There are 2 protein chains.
Amino acid sequence: MLSPAAIRVSNAGNAIKVPERQTEAGPVPQALSDTIETGVQMSFARNAEIYGENEPADYLYKVISGAVRTYKVLADGRRQIGAFYLPGDVFGLESGEHHVFSAEAVIDSKIAVIRRSAVMGLAARDNDVARQLWVLTSRELRRVQDHIMLLIKTAQERVVGFLLEMSARMPSETQIELPMSRQDIADYLGLTIETVSRTLTQLEDSAAIELATSRRVLLRDRIALRRLNG
Amino acid sequence: MLSPAAIRVSNAGNAIKVPERQTEAGPVPQALSDTIETGVQMSFARNAEIYGENEPADYLYKVISGAVRTYKVLADGRRQIGAFYLPGDVFGLESGEHHVFSAEAVIDSKIAVIRRSAVMGLAARDNDVARQLWVLTSRELRRVQDHIMLLIKTAQERVVGFLLEMSARMPSETQIELPMSRQDIADYLGLTIETVSRTLTQLEDSAAIELATSRRVLLRDRIALRRLNG
DNA sequence: CGTGCAGTTGAGCAAATTCAACGCTTGTGG
DNA sequence: CCACAAGCGTTGAATTTGCTCAACTGCACG
(Lines give C-alpha, C1' and ligand atoms only; values in the text may rest on other atoms or scores of the structure.)
Protein backbone atom coordinates (compact mmCIF):
# COMPACT_ATOMS: atom_id res chain seq x y z
CA MET A 1 0.00 0.00 0.00
CA LEU A 2 1.48 3.30 -1.06
CA SER A 3 0.93 6.93 -0.45
CA PRO A 4 -2.09 8.49 -2.12
CA ALA A 5 0.07 11.15 -3.63
CA ALA A 6 -2.28 12.18 -6.38
CA ILE A 7 -2.87 15.58 -4.88
CA ARG A 8 -0.07 17.50 -6.44
CA VAL A 9 0.21 20.29 -8.93
CA SER A 10 1.10 19.70 -12.52
CA ASN A 11 1.53 22.87 -14.51
CA ALA A 12 0.26 21.32 -17.69
CA GLY A 13 -0.39 23.39 -20.77
CA ASN A 14 3.31 23.32 -21.44
CA ALA A 15 2.75 21.22 -24.52
CA ILE A 16 5.78 20.40 -26.56
CA LYS A 17 6.09 22.18 -29.81
CA VAL A 18 9.58 21.72 -31.07
CA PRO A 19 10.42 23.36 -34.38
CA GLU A 20 11.23 20.84 -37.08
CA ARG A 21 14.91 20.59 -37.64
CA GLN A 22 16.53 18.27 -40.09
CA THR A 23 19.49 16.39 -38.73
CA GLU A 24 22.09 17.11 -41.36
CA ALA A 25 24.50 14.59 -42.76
CA GLY A 26 27.97 15.78 -41.79
CA PRO A 27 30.26 13.79 -39.56
CA VAL A 28 28.26 11.48 -37.33
CA PRO A 29 28.86 12.24 -33.67
CA GLN A 30 30.09 9.19 -31.83
CA ALA A 31 27.69 9.61 -28.96
CA LEU A 32 23.96 9.60 -29.54
CA SER A 33 23.68 11.40 -26.26
CA ASP A 34 25.65 14.27 -27.76
CA THR A 35 23.41 14.29 -30.79
CA ILE A 36 20.43 14.90 -28.59
CA GLU A 37 22.21 17.77 -26.98
CA THR A 38 22.50 19.48 -30.35
CA GLY A 39 18.70 19.54 -30.49
CA VAL A 40 16.35 22.22 -29.27
CA GLN A 41 16.43 23.09 -25.59
CA MET A 42 13.32 23.72 -23.54
CA SER A 43 12.75 25.00 -20.05
CA PHE A 44 10.33 23.36 -17.65
CA ALA A 45 9.23 24.87 -14.38
CA ARG A 46 9.16 22.85 -11.17
CA ASN A 47 6.42 20.20 -11.41
CA ALA A 48 5.70 20.98 -15.06
CA GLU A 49 4.72 17.98 -17.14
CA ILE A 50 7.19 17.03 -19.86
CA TYR A 51 5.05 14.25 -21.25
CA GLY A 52 2.12 12.20 -20.08
CA GLU A 53 1.46 8.51 -19.85
CA ASN A 54 -0.03 7.14 -23.07
CA GLU A 55 1.08 10.11 -25.12
CA PRO A 56 2.90 9.26 -28.34
CA ALA A 57 6.60 8.89 -27.67
CA ASP A 58 7.77 11.28 -30.37
CA TYR A 59 10.83 12.71 -28.68
CA LEU A 60 14.00 11.77 -26.90
CA TYR A 61 15.14 13.94 -24.03
CA LYS A 62 18.34 14.79 -22.23
CA VAL A 63 18.59 16.63 -18.97
CA ILE A 64 20.84 19.68 -19.30
CA SER A 65 20.15 21.09 -15.86
CA GLY A 66 17.65 20.35 -13.13
CA ALA A 67 16.05 16.98 -12.48
CA VAL A 68 13.22 14.88 -13.90
CA ARG A 69 11.01 12.16 -12.47
CA THR A 70 9.06 9.58 -14.43
CA TYR A 71 6.06 8.03 -12.73
CA LYS A 72 2.83 6.14 -13.01
CA VAL A 73 -0.31 6.61 -10.93
CA LEU A 74 -2.57 3.68 -10.10
CA ALA A 75 -6.35 3.99 -10.15
CA ASP A 76 -6.55 4.61 -6.39
CA GLY A 77 -3.94 7.35 -6.39
CA ARG A 78 -0.84 5.42 -5.43
CA ARG A 79 2.08 6.80 -7.35
CA GLN A 80 5.24 4.93 -8.28
CA ILE A 81 8.24 6.89 -9.45
CA GLY A 82 10.14 4.90 -12.03
CA ALA A 83 13.29 6.95 -12.13
CA PHE A 84 15.00 10.23 -11.43
CA TYR A 85 17.06 11.72 -14.24
CA LEU A 86 19.89 14.12 -13.50
CA PRO A 87 21.98 16.35 -15.79
CA GLY A 88 23.51 14.27 -18.58
CA ASP A 89 20.88 11.53 -18.42
CA VAL A 90 18.81 10.59 -21.45
CA PHE A 91 15.17 9.64 -20.96
CA GLY A 92 11.99 9.11 -22.95
CA LEU A 93 13.22 5.93 -24.60
CA GLU A 94 10.36 3.50 -24.60
CA SER A 95 9.43 0.37 -26.37
CA GLY A 96 6.27 1.16 -28.22
CA GLU A 97 4.76 4.20 -29.79
CA HIS A 98 3.44 5.52 -26.51
CA HIS A 99 4.98 6.45 -23.19
CA VAL A 100 4.35 4.04 -20.35
CA PHE A 101 5.29 6.56 -17.68
CA SER A 102 4.68 10.27 -17.31
CA ALA A 103 7.57 12.69 -16.89
CA GLU A 104 7.74 15.88 -14.84
CA ALA A 105 10.41 18.36 -13.88
CA VAL A 106 11.32 17.90 -10.22
CA ILE A 107 12.78 21.40 -10.11
CA ASP A 108 13.16 24.07 -12.79
CA SER A 109 14.99 22.27 -15.57
CA LYS A 110 16.48 22.69 -19.02
CA ILE A 111 15.89 19.76 -21.30
CA ALA A 112 17.31 19.07 -24.75
CA VAL A 113 14.77 17.53 -27.06
CA ILE A 114 15.15 15.65 -30.32
CA ARG A 115 12.60 14.07 -32.61
CA ARG A 116 12.53 10.34 -32.26
CA SER A 117 11.92 9.96 -35.96
CA ALA A 118 15.11 11.87 -36.67
CA VAL A 119 17.07 9.49 -34.49
CA MET A 120 15.35 6.48 -35.95
CA GLY A 121 15.99 7.69 -39.45
CA LEU A 122 19.60 8.18 -38.55
CA ALA A 123 19.72 4.72 -37.04
CA ALA A 124 18.31 3.19 -40.19
CA ARG A 125 21.23 4.55 -42.17
CA ASP A 126 23.88 4.54 -39.52
CA ASN A 127 24.62 1.32 -37.75
CA ASP A 128 26.52 3.00 -34.99
CA VAL A 129 23.56 5.14 -34.01
CA ALA A 130 21.37 2.05 -33.96
CA ARG A 131 23.83 0.35 -31.65
CA GLN A 132 23.86 3.30 -29.28
CA LEU A 133 20.10 3.43 -29.22
CA TRP A 134 20.22 -0.17 -28.11
CA VAL A 135 22.94 0.50 -25.54
CA LEU A 136 20.89 3.31 -24.02
CA THR A 137 17.87 1.04 -23.77
CA SER A 138 19.96 -1.71 -22.22
CA ARG A 139 21.34 0.68 -19.67
CA GLU A 140 17.80 1.69 -18.80
CA LEU A 141 16.88 -1.97 -18.45
CA ARG A 142 19.77 -2.47 -16.09
CA ARG A 143 18.69 0.52 -14.04
CA VAL A 144 15.14 -0.78 -13.68
CA GLN A 145 16.43 -4.18 -12.65
CA ASP A 146 18.52 -2.54 -9.94
CA HIS A 147 15.41 -0.66 -8.87
CA ILE A 148 13.60 -3.97 -8.42
CA MET A 149 16.37 -5.23 -6.18
CA LEU A 150 15.84 -2.10 -4.07
CA LEU A 151 12.10 -2.65 -3.78
CA ILE A 152 12.36 -6.06 -2.15
CA LYS A 153 14.49 -4.82 0.71
CA THR A 154 13.62 -3.45 4.15
CA ALA A 155 12.81 0.23 4.60
CA GLN A 156 16.25 1.01 5.96
CA GLU A 157 17.99 -0.83 3.15
CA ARG A 158 15.90 1.00 0.57
CA VAL A 159 16.73 4.41 1.99
CA VAL A 160 20.41 3.57 2.29
CA GLY A 161 20.39 2.16 -1.23
CA PHE A 162 18.79 5.33 -2.48
CA LEU A 163 21.40 7.51 -0.78
CA LEU A 164 24.26 5.44 -2.18
CA GLU A 165 22.72 5.50 -5.64
CA MET A 166 22.28 9.25 -5.58
CA SER A 167 25.74 9.72 -4.18
CA ALA A 168 27.24 7.72 -7.04
CA ARG A 169 25.51 10.03 -9.51
CA MET A 170 26.58 13.26 -7.85
CA PRO A 171 29.83 15.14 -8.29
CA SER A 172 30.69 15.36 -4.59
CA GLU A 173 32.12 12.36 -2.83
CA THR A 174 30.30 12.80 0.46
CA GLN A 175 27.56 15.33 -0.08
CA ILE A 176 24.19 14.78 -1.70
CA GLU A 177 22.02 17.66 -2.82
CA LEU A 178 18.54 16.18 -3.18
CA PRO A 179 16.37 17.93 -5.74
CA MET A 180 13.31 15.92 -4.75
CA SER A 181 10.90 15.97 -1.83
CA ARG A 182 10.36 13.26 0.77
CA GLN A 183 7.17 12.37 -1.09
CA ASP A 184 9.18 11.78 -4.26
CA ILE A 185 11.70 9.64 -2.42
CA ALA A 186 8.92 7.68 -0.73
CA ASP A 187 7.17 7.02 -4.04
CA TYR A 188 10.44 5.94 -5.59
CA LEU A 189 11.17 3.50 -2.77
CA GLY A 190 7.64 2.22 -2.24
CA LEU A 191 7.47 3.66 1.28
CA THR A 192 5.60 6.45 3.05
CA ILE A 193 7.09 9.87 3.73
CA GLU A 194 6.94 9.13 7.44
CA THR A 195 8.99 5.98 7.08
CA VAL A 196 11.55 7.78 4.90
CA SER A 197 11.79 10.60 7.41
CA ARG A 198 12.08 8.30 10.39
CA THR A 199 14.71 6.17 8.68
CA LEU A 200 16.79 9.22 7.82
CA THR A 201 16.78 10.52 11.38
CA GLN A 202 17.59 7.04 12.58
CA LEU A 203 20.57 6.97 10.21
CA GLU A 204 21.61 10.33 11.53
CA ASP A 205 21.28 9.11 15.14
CA SER A 206 23.59 6.23 14.30
CA ALA A 207 26.09 8.72 12.85
CA ALA A 208 25.99 7.16 9.38
CA ILE A 209 24.75 10.37 7.79
CA GLU A 210 24.16 13.98 8.68
CA LEU A 211 21.18 16.03 7.57
CA ALA A 212 22.71 19.45 6.97
CA THR A 213 19.30 20.56 5.77
CA SER A 214 16.43 18.31 4.82
CA ARG A 215 17.62 18.37 1.21
CA ARG A 216 21.34 18.20 1.84
CA VAL A 217 22.68 14.91 3.13
CA LEU A 218 26.26 14.25 4.18
CA LEU A 219 27.47 10.69 4.08
CA ARG A 220 29.50 10.38 7.24
CA ASP A 221 30.17 6.67 7.32
CA ARG A 222 30.15 4.95 3.96
CA ILE A 223 31.32 1.67 5.50
CA ALA A 224 28.33 1.59 7.81
CA LEU A 225 26.02 2.54 4.95
CA ARG A 226 27.34 -0.21 2.74
CA ARG A 227 26.83 -2.65 5.57
CA LEU A 228 23.26 -1.46 6.03
CA ASN A 229 22.63 -1.79 2.32
CA GLY A 230 21.82 -5.51 2.56
CA MET B 1 12.60 -9.02 4.23
CA LEU B 2 12.40 -11.97 1.93
CA SER B 3 12.73 -15.68 2.10
CA PRO B 4 16.18 -17.13 2.57
CA ALA B 5 15.76 -19.39 -0.38
CA ALA B 6 19.38 -20.04 -1.02
CA ILE B 7 19.18 -23.69 -0.09
CA ARG B 8 18.28 -25.20 -3.37
CA VAL B 9 19.96 -27.53 -5.81
CA SER B 10 21.60 -26.33 -8.95
CA ASN B 11 22.85 -29.07 -11.22
CA ALA B 12 25.80 -27.11 -12.44
CA GLY B 13 28.46 -28.68 -14.58
CA ASN B 14 26.14 -28.33 -17.51
CA ALA B 15 28.45 -25.84 -19.12
CA ILE B 16 27.44 -24.56 -22.47
CA LYS B 17 29.53 -25.68 -25.36
CA VAL B 18 27.70 -24.86 -28.52
CA PRO B 19 29.40 -25.82 -31.76
CA GLU B 20 30.38 -22.86 -33.86
CA ARG B 21 27.95 -22.36 -36.68
CA GLN B 22 28.21 -19.62 -39.20
CA THR B 23 24.95 -17.85 -39.88
CA GLU B 24 24.76 -18.01 -43.64
CA ALA B 25 23.66 -15.19 -45.90
CA GLY B 26 20.48 -16.34 -47.60
CA PRO B 27 17.16 -14.57 -47.13
CA VAL B 28 17.12 -12.69 -43.82
CA PRO B 29 14.41 -14.03 -41.53
CA GLN B 30 12.03 -11.31 -40.52
CA ALA B 31 12.01 -12.31 -36.90
CA LEU B 32 15.20 -12.46 -34.88
CA SER B 33 13.33 -14.77 -32.59
CA ASP B 34 13.03 -17.27 -35.44
CA THR B 35 16.73 -16.94 -36.15
CA ILE B 36 17.52 -18.05 -32.64
CA GLU B 37 15.31 -21.05 -33.08
CA THR B 38 17.46 -22.18 -36.00
CA GLY B 39 20.37 -22.42 -33.56
CA VAL B 40 21.44 -25.39 -31.52
CA GLN B 41 18.98 -26.79 -29.01
CA MET B 42 19.95 -27.93 -25.55
CA SER B 43 18.12 -29.75 -22.79
CA PHE B 44 18.23 -28.65 -19.19
CA ALA B 45 16.96 -30.70 -16.28
CA ARG B 46 14.76 -29.20 -13.59
CA ASN B 47 16.77 -26.69 -11.54
CA ALA B 48 19.78 -26.94 -13.84
CA GLU B 49 21.70 -23.71 -14.26
CA ILE B 50 21.62 -22.21 -17.73
CA TYR B 51 23.96 -19.39 -16.91
CA GLY B 52 25.22 -17.69 -13.79
CA GLU B 53 25.33 -14.13 -12.63
CA ASN B 54 28.50 -12.37 -13.78
CA GLU B 55 29.22 -14.93 -16.45
CA PRO B 56 29.97 -13.49 -19.88
CA ALA B 57 26.76 -13.03 -21.82
CA ASP B 58 27.86 -14.89 -24.93
CA TYR B 59 24.55 -16.39 -25.96
CA LEU B 60 20.95 -15.57 -26.63
CA TYR B 61 18.31 -18.09 -25.63
CA LYS B 62 14.81 -19.03 -26.59
CA VAL B 63 12.54 -21.34 -24.65
CA ILE B 64 11.29 -24.18 -26.86
CA SER B 65 9.60 -26.13 -24.11
CA GLY B 66 9.58 -25.97 -20.32
CA ALA B 67 10.12 -22.82 -18.27
CA VAL B 68 13.03 -20.69 -17.11
CA ARG B 69 13.55 -18.33 -14.19
CA THR B 70 16.14 -15.59 -13.91
CA TYR B 71 17.13 -14.50 -10.44
CA LYS B 72 19.59 -12.78 -8.20
CA VAL B 73 20.54 -13.75 -4.65
CA LEU B 74 21.50 -11.13 -2.10
CA ALA B 75 24.35 -11.65 0.34
CA ASP B 76 22.04 -12.84 3.12
CA GLY B 77 20.27 -15.40 0.96
CA ARG B 78 17.20 -13.46 -0.11
CA ARG B 79 16.40 -14.34 -3.69
CA GLN B 80 14.58 -12.18 -6.19
CA ILE B 81 13.25 -13.76 -9.35
CA GLY B 82 13.45 -11.28 -12.21
CA ALA B 83 11.30 -13.13 -14.69
CA PHE B 84 9.77 -16.38 -15.80
CA TYR B 85 10.22 -17.31 -19.46
CA LEU B 86 7.79 -19.63 -21.18
CA PRO B 87 7.90 -21.36 -24.58
CA GLY B 88 8.49 -18.81 -27.32
CA ASP B 89 10.17 -16.27 -25.02
CA VAL B 90 13.67 -14.99 -25.70
CA PHE B 91 15.99 -14.33 -22.77
CA GLY B 92 19.63 -13.66 -22.00
CA LEU B 93 19.62 -10.21 -23.56
CA GLU B 94 21.62 -7.96 -21.30
CA SER B 95 23.30 -4.66 -21.50
CA GLY B 96 26.92 -5.34 -20.87
CA GLU B 97 29.28 -8.20 -21.44
CA HIS B 98 28.12 -10.04 -18.37
CA HIS B 99 24.82 -11.40 -17.11
CA VAL B 100 23.25 -9.48 -14.26
CA PHE B 101 20.93 -12.33 -13.31
CA SER B 102 21.36 -16.08 -13.20
CA ALA B 103 19.09 -18.38 -15.18
CA GLU B 104 17.79 -21.83 -14.28
CA ALA B 105 15.33 -24.28 -15.74
CA VAL B 106 12.18 -24.34 -13.60
CA ILE B 107 11.26 -27.73 -15.02
CA ASP B 108 12.92 -29.93 -17.64
CA SER B 109 13.30 -27.63 -20.62
CA LYS B 110 14.53 -27.42 -24.18
CA ILE B 111 16.31 -24.21 -25.01
CA ALA B 112 17.51 -22.92 -28.38
CA VAL B 113 20.85 -21.18 -28.13
CA ILE B 114 22.64 -18.82 -30.47
CA ARG B 115 25.97 -17.06 -30.22
CA ARG B 116 25.54 -13.43 -29.35
CA SER B 117 28.45 -12.53 -31.57
CA ALA B 118 26.67 -14.14 -34.51
CA VAL B 119 23.61 -12.00 -33.86
CA MET B 120 25.68 -8.89 -33.35
CA GLY B 121 27.61 -9.53 -36.52
CA LEU B 122 24.34 -9.95 -38.33
CA ALA B 123 23.04 -6.76 -36.77
CA ALA B 124 26.10 -4.85 -37.90
CA ARG B 125 25.33 -5.74 -41.51
CA ASP B 126 21.58 -5.97 -41.34
CA ASN B 127 19.65 -3.03 -40.07
CA ASP B 128 16.52 -5.00 -39.55
CA VAL B 129 18.19 -7.42 -37.16
CA ALA B 130 19.60 -4.49 -35.22
CA ARG B 131 16.14 -3.02 -34.91
CA GLN B 132 14.71 -6.29 -33.66
CA LEU B 133 17.47 -6.65 -31.14
CA TRP B 134 16.41 -3.27 -29.85
CA VAL B 135 12.73 -4.15 -29.90
CA LEU B 136 13.38 -7.27 -27.85
CA THR B 137 15.33 -5.25 -25.31
CA SER B 138 12.58 -2.64 -25.17
CA ARG B 139 10.00 -5.30 -24.59
CA GLU B 140 12.09 -6.65 -21.74
CA LEU B 141 12.33 -3.14 -20.33
CA ARG B 142 8.58 -2.84 -20.45
CA ARG B 143 8.18 -6.15 -18.69
CA VAL B 144 10.50 -5.16 -15.88
CA GLN B 145 8.65 -1.87 -15.47
CA ASP B 146 5.39 -3.77 -15.14
CA HIS B 147 7.08 -5.97 -12.56
CA ILE B 148 7.94 -2.88 -10.53
CA MET B 149 4.30 -1.83 -10.55
CA LEU B 150 3.48 -5.26 -9.14
CA LEU B 151 6.02 -4.99 -6.35
CA ILE B 152 4.53 -1.86 -4.81
CA LYS B 153 1.10 -3.39 -4.35
CA THR B 154 -0.47 -5.34 -1.48
CA ALA B 155 0.05 -9.08 -1.17
CA GLN B 156 -3.36 -9.86 -2.60
CA GLU B 157 -2.89 -7.53 -5.54
CA ARG B 158 0.50 -9.04 -6.30
CA VAL B 159 -0.83 -12.58 -6.32
CA VAL B 160 -3.82 -11.61 -8.45
CA GLY B 161 -1.54 -9.66 -10.78
CA PHE B 162 0.68 -12.69 -11.09
CA LEU B 163 -2.24 -14.96 -11.94
CA LEU B 164 -3.56 -12.57 -14.56
CA GLU B 165 -0.10 -12.18 -16.05
CA MET B 166 0.41 -15.91 -16.28
CA SER B 167 -3.06 -16.39 -17.65
CA ALA B 168 -2.38 -13.92 -20.44
CA ARG B 169 0.69 -15.92 -21.42
CA MET B 170 -1.01 -19.29 -21.41
CA PRO B 171 -3.00 -20.92 -24.19
CA SER B 172 -6.09 -21.65 -22.11
CA GLU B 173 -8.52 -18.88 -21.33
CA THR B 174 -9.35 -19.93 -17.79
CA GLN B 175 -6.80 -22.48 -16.72
CA ILE B 176 -3.26 -21.89 -15.56
CA GLU B 177 -0.71 -24.66 -15.34
CA LEU B 178 2.01 -23.33 -13.06
CA PRO B 179 5.44 -24.78 -13.73
CA MET B 180 6.94 -23.10 -10.66
CA SER B 181 6.77 -23.72 -6.93
CA ARG B 182 5.28 -21.47 -4.27
CA GLN B 183 8.81 -20.49 -3.36
CA ASP B 184 9.42 -19.32 -6.93
CA ILE B 185 6.18 -17.33 -6.95
CA ALA B 186 6.99 -15.81 -3.57
CA ASP B 187 10.47 -14.77 -4.70
CA TYR B 188 9.01 -13.27 -7.86
CA LEU B 189 6.43 -11.26 -5.94
CA GLY B 190 8.62 -10.26 -3.01
CA LEU B 191 6.47 -12.21 -0.53
CA THR B 192 6.87 -15.34 1.60
CA ILE B 193 5.52 -18.73 0.58
CA GLU B 194 3.11 -18.59 3.49
CA THR B 195 1.62 -15.32 2.33
CA VAL B 196 1.29 -16.62 -1.24
CA SER B 197 -0.37 -19.78 0.00
CA ARG B 198 -2.74 -17.96 2.32
CA THR B 199 -3.69 -15.47 -0.37
CA LEU B 200 -4.46 -18.24 -2.84
CA THR B 201 -6.75 -20.08 -0.42
CA GLN B 202 -8.37 -16.77 0.44
CA LEU B 203 -9.02 -16.18 -3.27
CA GLU B 204 -10.45 -19.65 -3.50
CA ASP B 205 -12.69 -19.00 -0.49
CA SER B 206 -14.02 -15.91 -2.21
CA ALA B 207 -14.76 -18.00 -5.32
CA ALA B 208 -12.46 -15.95 -7.54
CA ILE B 209 -10.29 -18.95 -8.35
CA GLU B 210 -10.21 -22.68 -7.84
CA LEU B 211 -7.13 -24.68 -6.96
CA ALA B 212 -7.64 -27.88 -8.92
CA THR B 213 -4.23 -28.97 -7.68
CA SER B 214 -1.61 -26.76 -6.12
CA ARG B 215 -0.06 -26.21 -9.55
CA ARG B 216 -3.27 -25.94 -11.56
CA VAL B 217 -5.35 -22.82 -11.04
CA LEU B 218 -8.75 -22.14 -12.57
CA LEU B 219 -9.79 -18.54 -12.95
CA ARG B 220 -13.44 -18.62 -11.95
CA ASP B 221 -14.23 -14.93 -11.80
CA ARG B 222 -12.07 -12.71 -13.95
CA ILE B 223 -14.17 -9.65 -13.14
CA ALA B 224 -13.52 -10.10 -9.44
CA LEU B 225 -9.83 -10.71 -10.12
CA ARG B 226 -9.50 -7.58 -12.20
CA ARG B 227 -11.19 -5.65 -9.42
CA LEU B 228 -8.76 -7.08 -6.87
CA ASN B 229 -5.83 -6.21 -9.10
CA GLY B 230 -5.64 -2.61 -7.83
C1' DC C 1 3.09 38.59 11.20
C1' DG C 2 0.22 35.16 9.67
C1' DT C 3 -0.47 31.34 6.13
C1' DG C 4 0.92 27.30 3.89
C1' DC C 5 3.88 23.76 2.66
C1' DA C 6 7.54 20.36 3.84
C1' DG C 7 9.31 17.66 7.16
C1' DT C 8 9.41 15.39 11.70
C1' DT C 9 7.66 12.86 15.56
C1' DG C 10 4.38 10.00 18.31
C1' DA C 11 0.71 6.46 19.26
C1' DG C 12 -2.06 2.89 17.71
C1' DC C 13 -3.04 -0.33 14.08
C1' DA C 14 -2.90 -3.47 10.14
C1' DA C 15 -0.45 -6.32 7.06
C1' DA C 16 2.85 -9.47 6.24
C1' DT C 17 6.63 -12.18 8.35
C1' DT C 18 8.47 -15.55 11.47
C1' DC C 19 8.25 -19.68 13.81
C1' DA C 20 6.07 -23.97 14.28
C1' DA C 21 3.26 -27.84 13.35
C1' DC C 22 1.00 -30.74 10.31
C1' DG C 23 -0.92 -33.07 5.83
C1' DC C 24 -0.23 -34.74 1.30
C1' DT C 25 2.35 -36.62 -2.39
C1' DT C 26 6.29 -38.82 -4.32
C1' DG C 27 10.05 -41.58 -4.62
C1' DT C 28 13.11 -45.00 -2.70
C1' DG C 29 15.05 -48.77 -0.33
C1' DG C 30 14.11 -52.77 2.54
C1' DC D 1 4.48 -54.04 -1.56
C1' DC D 2 5.03 -51.37 2.31
C1' DA D 3 7.41 -48.05 5.24
C1' DC D 4 9.53 -44.09 5.60
C1' DA D 5 11.97 -39.97 4.36
C1' DA D 6 11.93 -35.73 1.78
C1' DG D 7 9.89 -32.04 -0.51
C1' DC D 8 6.04 -29.13 -1.09
C1' DG D 9 2.14 -26.88 0.46
C1' DT D 10 -1.14 -25.36 3.99
C1' DT D 11 -2.56 -23.57 8.37
C1' DG D 12 -2.16 -21.38 13.05
C1' DA D 13 -0.22 -18.17 16.62
C1' DA D 14 2.87 -14.68 17.90
C1' DT D 15 5.72 -11.00 16.39
C1' DT D 16 7.52 -7.31 13.68
C1' DT D 17 7.57 -3.89 10.30
C1' DG D 18 5.83 -0.25 8.17
C1' DC D 19 1.38 2.34 7.67
C1' DT D 20 -2.34 5.48 9.22
C1' DC D 21 -3.83 9.19 11.65
C1' DA D 22 -2.68 13.14 14.13
C1' DA D 23 -0.16 16.80 16.08
C1' DC D 24 3.50 19.80 15.88
C1' DT D 25 7.85 22.44 14.10
C1' DG D 26 10.46 25.15 11.00
C1' DC D 27 10.86 27.81 7.15
C1' DA D 28 9.64 30.56 3.07
C1' DC D 29 6.71 33.79 1.13
C1' DG D 30 3.16 37.06 0.86
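Fair warning: this is a prediction, and the values are worked out from it, not measured in the lab.
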Given [options], the nucleotide with the shortest approach to the side chain of [X]:
X: A/E194; options: D/dG9, D/dC21, C/dT18; result: D/dC21
X: B/R182; options: C/dT8, D/dG9, C/dA16; result: D/dG9
X: A/L191; options: D/dC19, D/dG9, C/dA6; result: D/dC19

Could you check which residues of residues 195-207 of chain A get a heavy atom under 4.0 Å from DNA chain D? Sort them by number, please.
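Contacting residues: A/T195, A/R198.
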Between B/R69 and B/D187 (salt bridge meaning N to carboxylate O under 4.0 Å), is one present in this structure?
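Judged by the 4.0 Å cut-off on N to carboxylate O distance, B/R69 and B/D187 do not form a salt bridge.
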For the pair A/D205 and A/R198, find out whether any cationic side-chain nitrogen is under 4.0 Å from an anionic carboxylate oxygen.
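So A/D205 does not pair with A/R198 through a salt bridge.
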Looking at A/Y85, A/Y51, A/F44, which hits ring pair (Phe, Tyr, Trp, His ring centres under 6.0 Å) with A/Y61?
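Going through the options one by one, the only one that passes is A/Y51.
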Rounded off to whole Å, could you give me the [atom1]-to-[atom2] distance for the [X] and [N] pair?
X: B/N47; N: D/dG7; atom1: CG; atom2: C1'; answer: 12 Å
X: A/L189; N: D/dC19; atom1: CG; atom2: P; answer: 10 Å
X: B/I152; N: D/dC19; atom1: CD1; atom2: P; answer: 12 Å
X: A/R216; N: D/dG26; atom1: CZ; atom2: C1'; answer: 17 Å
X: B/I185; N: D/dG9; atom1: CD1; atom2: P; answer: 8 Å
X: A/I193; N: C/dA6; atom1: CD1; atom2: C1'; answer: 8 Å
X: B/I107; N: D/dC8; atom1: CD1; atom2: P; answer: 14 Å
X: B/E157; N: C/dA14; atom1: CD; atom2: P; answer: 18 Å

side-chain N/O B/R215 vs D/dG9 OP1/OP2, d < 4.0 Å
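Yes.
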Walk me through it: do A/R226 and A/R222 pass the test side-chain contact (heavy atoms from CB on, under 4.5 Å)?
CA-CA 6 Å; A/R226 239 180 284 278; A/R222 270 199 130 79; 3.4 Å; yes
What pairs with B/S102 under side-chain hydrogen bond (donor to acceptor under 3.5 Å, both in side chains), at least two apart in sequence or on another chain?
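Listed in chain order: nothing, the list is empty.
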B/M166 versus B/L163: any side-chain heavy-atom pair under 4.5 Å?
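Heavy-atom side-chain distance check fails, nothing below 4.5 Å.
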Could you check whether any side-chain heavy atom of B/H147 comes within less than 4.5 Å of a side-chain heavy atom of A/V144, counting everything from C-beta outward?
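In short, these two side chains do not touch, never coming nearer than 4.5 Å.
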